Structures are given as C-alpha cells and as structure tokens.
Amino acid sequence: MRTRLVDPRDTTWERDHADYRVSFWDVPAVASHEYEILDETDIGELLDWAREYAAERGWTWTVYAAATDRGERGLIRLAGVLGDPFAQ
C-alpha cells in the first residue's frame, strides 16, 4: 500500500454517513442477493454484518458505497470480492 500526505482543502464537501449496498454472491447457484442499508451505519459494523451473514450461508460478499457522478448513480467497491465473482 502506497501513501502520501494530502491537503485536506482539496475537497469541496464531506458527509458523515454514506449510502451503502451489499452484494452477496452464491457462486454455486450463480445468484446474487442485493441489499441497500437503510440507516446510518458505521462501516465497521456493516463489514462485521456482511462477513457474518455471508459465512452463515457459505456465500462471498462485496460492500459498496453508492455515489453520484455527473447525475448518474454508481457504486464504489469498499471491501470484499473484487471483479466478477462468477468468473472462473
């Protein structure tokens, strides 16, 4: 992991809470189960829930932050499976 110092004045806005989505991947069934988190949740609490929920079912998971760019909604991967979980 590479790091560098930054100037905190290089951003124009900040929010205390993000909108999150979690995808659970049932790879053998080639199925996904998508959840939107409806309350203001700490990322540590969300990651703990995703790990536990997936482990109970034998699934893998990915946590995303929802974002808007140029008026279009998208997802930013924060943790979990990288790339296509069904690729072999």
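From a predicted model like this one, the values you see are computed outputs, not experimental measurements.
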Throw together a table of side-chain donor-acceptor distances under 3.5 angstrom for residues 69-81, partners on residues two or more places apart or in other chains.
unit_1: Arg77; atom_1: NE; unit_2: Gly80; atom_2: O; d: 3.3
unit_1: Arg77; atom_1: NE; unit_2: Val81; atom_2: O; d: 3.2
unit_1: Arg77; atom_1: NH2; unit_2: Gly80; atom_2: O; d: 2.7

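Residues that satisfy the salt bridge (Lys or Arg N to Asp or Glu O under 4.0 Å) test with Asp26, not counting sequence neighbours, are absent from this structure. Contacts of Phe24 classified as ring-ring contact (aromatic ring centres under 6.0 Å, His included), with partners at least two apart in sequence or in another chain: Tyr35, Trp49, Tyr53. For Asp42, the side-chain contact (heavy atoms from CB on, under 4.5 Å) test picks out Glu45, with sequence neighbours left out. Residues satisfying the salt bridge (Lys or Arg N to Asp or Glu O under 4.0 Å) test with Arg51, not counting sequence neighbours, are Asp48. Residues that satisfy the ring-ring contact (aromatic ring centres under 6.0 Å, His included) test with His17, not counting sequence neighbours, are absent from this structure.
The aromatic ring centres of His33 and Trp25 sit 6.0 Å or more apart.
If you take OH on Tyr64 and CD on Glu34, they are separated by 7.5 Å, rounding to the nearest 0.5 Å. Taking CD1 from Ile37 and CG from Leu46, the interatomic distance works out to 5.0 Å, rounded to the nearest 0.5 Å.
The two residues Trp61 and Ala54 come nearest to each other via the heavy atoms CD1-CB, 3.5 Å. Residues Asp39 and Thr41 share a closest heavy-atom pair of OD1-OG1, 2.7 Å.
A chain of hydrophobic side-chain contacts below 4.5 Å, direct or via other Ile, Leu, Val, Met, Phe, Trp or Tyr residues, connects Tyr20 to Trp59.
Residues Thr62 and Val22 have side chains not in contact (no heavy-atom distance under 4.5 Å, counting atoms from C-beta outward). Proximity of Thr60 to Val27: side-chain heavy atoms (C-beta onward) are separated by under 4.5 Å at one or more points.
The neighbour count for Arg15 CZ, taken as heavy atoms of other residues, nucleotides or ligands under 6.0 Å away, is above 12. No more than 12 heavy-atom neighbours from other residues, nucleotides or ligands sit within 6.0 angstrom of CD on Glu40.
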